[in-house]
2 protein chains.
Amino acid sequence: MERKAAASASTIKHRMISDVLSGEIQGGKFKVGDLLPSEPDLSERFGVSRHTVRAALRSLHGLGLVTSRRGVGTSVKGNRLAARYSHEFGSADDLFQYATSTRVRLLEHDEVVVTASMAALLHCKAGERWWRIRTVRQEPSNNAVVAYSEIHLPLAYGSVIRQAKKSRQPFFSLIETLFHEKITDIQQEISCVARLPAAEAAHLQLPKASPGLQITRRYVGSGGHTLEFARSVHPAELFKYAMRLQLRHGA
Amino acid sequence: MERKAAASASTIKHRMISDVLSGEIQGGKFKVGDLLPSEPDLSERFGVSRHTVRAALRSLHGLGLVTSRRGVGTSVKGNRLAARYSHEFGSADDLFQYATSTRVRLLEHDEVVVTASMAALLHCKAGERWWRIRTVRQEPSNNAVVAYSEIHLPLAYGSVIRQAKKSRQPFFSLIETLFHEKITDIQQEISCVARLPAAEAAHLQLPKASPGLQITRRYVGSGGHTLEFARSVHPAELFKYAMRLQLRHGA
DNA sequence: TTCTATTTGTTCGTATGTATG
DNA sequence: ACATACATACGAACAAATAGA
C-alpha cells in the first residue's frame, strides 16, 4: 500500500534528469573521461534551474558515475553503478561475536613442523617450526562447547601464550601490543564441514562424523607476513555468523 | 576541494555546521534515536539559510549519522564514524562470489501468506502476502548444483520477476533500478544446517539429510523496509564463503 | 473523521566566490 | 586580464508526509 508501482515514471525533476544522464552514461553517449555539458547548458536542455541540475549531478556523484572540478567541468568517472558496501568492525575483536559471553580454555600448545598443505595456509615455507595451540570456547551457563580452535603462531611470538592465560586477550591482540605489530588484513573463509574429524567432534561433544561450521582466519601484518592463523569449528545449528553490510556514501 | 585539514577549520558554512553537529552527535548531546532540531530552528541557531542547513544535514546523511523523514524530522542514526576494519564490495553483486561463473534457473514463483516465523525474518506482519521465488544455481561446465535459493519479495515488486528472466540481473538490482530504491543495508547470516530438508537436498542433488551451508540475506532499503529476503543453501565442502577485512587508514 | 500545524522535499530566482585555462 | 565552470549562499514558495487536535 505504501509503495506505488509507478517505477521509472518519477515526477521529481532532478531524479528524472539524473535517470536520463545515468542512462546516457551507461549507454555510452558519454564515455568515461568525457566532459558532460556545463550546468547552465543542462539547465537549458532540461528546462530547469541550475539548482535542479546540480541536485541531479550530486546524485550521479553519489553513484560514482561522475566527478566535478571547478573551473573545468563535470566528467564521467565510470559507466557502471558502483555501490560500495562495507562490513565494518570497531576492532578485530568484533570478529568473535561470542567473545564476551563465552570463556576460552587452553587445551594444549606445542611446537610443530608445518606440512606442505599447512604451509600454503600459513603462507610460509614447509618445514618451518610454528606454535600450535588448541582451545575450546564454552558457554559459562551450561558449559556447552561452542567452538574448538586450532591456532598457529610464528615461533617468535611464543611468549604471548603465557600472556594469554593471564590476560584473556586474543592472541592477535597481544601480538599487536607486545611486538608492535599492526594487523592490516584479515583473510577469512567460512565453510561447512560435512564430517568433522573424530577428535574435533569429541572436543565439541558431538557424535562422530557430525557436520560443523568452519571458519579460518589469517591475520596479516603490515609487512605482509602471517601473524596468526586460526581455524575454528562450531557445532551446526548452534552457531551462526551474522554480519551487517552497510552502504557507504561518499566513496 | 579537499586540500587537507580543512575539516574543523573550514570557512565553508555548511561544512562548519556539519562538523559541529557531527561533534555533538558523537559527543552524546544528541543520542541515537533523538530528533535533531528542525531545519528552520537550525537556520536560526547558526544564522544561516535553511538551504545551508540542508547542505550540512546532507553531509551527515552521507556519513551515516542521521536519517530524515518528511513530516517528522531528522533523527540520529548512529554515533560512530571510524571503524577500523572493513569488508568492502564493489557492489552488492559481489556477495555472490560465484555469480559470474554460474547460471541461475528460476524454478517457480507464487504468492504466499507469510507465517509468524517468516514474518520475523522479513520484518513484516504475519498474514501479509509476499512473492516467493525458488531458484537453483548451476555450474555451466558439469551442471553441478551449487545453490538452492528461496527468495521473498514484497508483492509490489512482482514485476521484477518477469524482468529477471530476461535480464539475468539479481532481483535486488532490478528493484533498485525499477523502483528507485537503494539498498543501504544487507543483513547476512551464515550457518551450517545439519540435515537439509528433503526437498532442498533433492534440488542440490544430495542424499537425504545431508548437511549444507546456509546463507540468509535481508536487503534493506533506505526507508528501513525489507526489499528482498533470500535464503540460500549450498552443498557442504563444495562452497566456501571468503572475505577479506582490511585495516582502514586514517582511523 | 477532518482539519491544522509542523517538518522535510522540491524548485525556482539571484548573487557572489574561487579555480581553471 | 578575461571568460568559463563549478561552489557556496541567500531568499522565497509550494508540495507532500506526518502527527496531533
Side-chain angles (χ1 to χ4, degrees), chain A residues 1-6 9-21 30 33-62 65-77 249-250, chain B residues 1-4 6-21 30 33-62 65-77 156 179-182 184 221-225:
Chain A
M1 173 129 70
E2 61 265 36
R3 284 179 281 272
K4 41 182 181 262
S10 177
T11 63
I12 299 166
K13 290 187 184 179
H14 70 79
R15 200 147 91 175
M16 221 187 55
I17 293 168
S18 71
D19 280 350
V20 170
L21 292 176
F30 299 111
D34 281 1
L35 230 50
L36 291 184
S38 74
E39 292 175 0
D41 287 355
L42 290 173
S43 300
E44 197 184 358
R45 169 180 168 190
F46 291 105
V48 299
S49 74
R50 188 172 153 232
H51 192 87
T52 305
V53 166
R54 281 181 65 75
L57 290 178
R58 190 161 49 232
S59 145
L60 295 182
H61 193 272
L65 288 178
V66 303
T67 174
S68 298
R69 276 188 307 161
R70 95 166 48 168
V72 179
T74 301
S75 56
V76 178
K77 192 165 68 171
H249 294 80
Chain B
M1 170 167 63
E2 51 258 49
R3 267 303 165 249
K4 46 175 78 164
S8 43
S10 177
T11 64
I12 298 166
K13 291 187 183 178
H14 70 80
R15 184 136 181 182
M16 223 184 54
I17 293 168
S18 70
D19 281 349
V20 171
L21 291 176
F30 300 111
D34 282 1
L35 228 53
L36 292 183
S38 73
E39 293 175 359
D41 287 354
L42 290 172
S43 299
E44 197 185 357
R45 169 180 169 192
F46 292 106
V48 299
S49 73
R50 187 176 156 225
H51 190 89
T52 304
V53 167
R54 283 181 63 76
L57 290 178
R58 190 160 51 231
S59 147
L60 294 182
H61 193 273
L65 289 177
V66 303
T67 174
S68 299
R69 273 192 310 159
R70 174 191 296 201
V72 180
T74 300
S75 56
V76 178
K77 192 166 69 171
F179 293 92
H180 282 100
E181 285 286 357
K182 192 81 194 156
T184 58
S222 50
H225 50 273

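So you know, we letter chains A, B, ... as the sequences are listed, proteins then strands, and number each from 1.
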In whole Å, I'd like the distance from the [atom1] atom of [X] to the [atom2] atom of [N].
{"X": "A:H51", "N": "D:dC6", "atom1": "NE2", "atom2": "P", "result": "15 Å"}
{"X": "B:R58", "N": "D:dA9", "atom1": "CZ", "atom2": "P", "result": "11 Å"}
{"X": "B:E39", "N": "C:dT6", "atom1": "CD", "atom2": "P", "result": "15 Å"}
{"X": "B:I12", "N": "C:dG17", "atom1": "CD1", "atom2": "C1'", "result": "11 Å"}
{"X": "A:R50", "N": "D:dA7", "atom1": "CZ", "atom2": "C1'", "result": "8 Å"}
{"X": "A:H61", "N": "D:dC6", "atom1": "NE2", "atom2": "P", "result": "13 Å"}
{"X": "B:R69", "N": "C:dT10", "atom1": "CZ", "atom2": "C1'", "result": "20 Å"}

Are the side chains of [X] and [Y] in touch, meaning some heavy atoms are under 4.5 Å apart?
{"X": "B:T67", "Y": "B:V76", "value": "no"}
{"X": "A:T52", "Y": "A:I17", "value": "yes"}
{"X": "A:H14", "Y": "A:H51", "value": "no"}

With the side chain of [X] defined as its heavy atoms from C-beta on, choose the nearest nucleotide among [options].
{"X": "B:R54", "options": "D:dG11, C:dC12, C:dG9", "value": "C:dG9"}
{"X": "B:H14", "options": "C:dT11, D:dA9, D:dC6", "value": "D:dA9"}
{"X": "A:T52", "options": "C:dT11, D:dA17, D:dA7", "value": "C:dT11"}

Assign each of A:V72 and A:V53 to its nearest nucleotide of DNA chain C by heavy atoms, then name whichever residue's nucleotide is nearer the 5' end.
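The residue whose closest nucleotide sits nearer the 5' end is A:V53.
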Between A:V48 and B:T74, just flag the one whose closest nucleotide in DNA chain C comes earlier from the 5' side.
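It is B:T74 whose nearest nucleotide is closer to the 5' end.
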Phosphate OP1/OP2 of D:dA7: any B:K13 side-chain N/O under 4.0 Å:
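B:K13 to D:dA7 OP1/OP2: no side-chain N or O under 4.0 Å.
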Mate of D:dA1 where both pairing distances stay under 3.5 Å, Watson-Crick or G-U:
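Here D:dA1 is not engaged in any pair, so there is no nucleotide opposite it.
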Starting at CG of A:L36, measure out to CG of A:D41 and round the result to the nearest 0.5 Å.
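That separation rounds to 11.0 Å.
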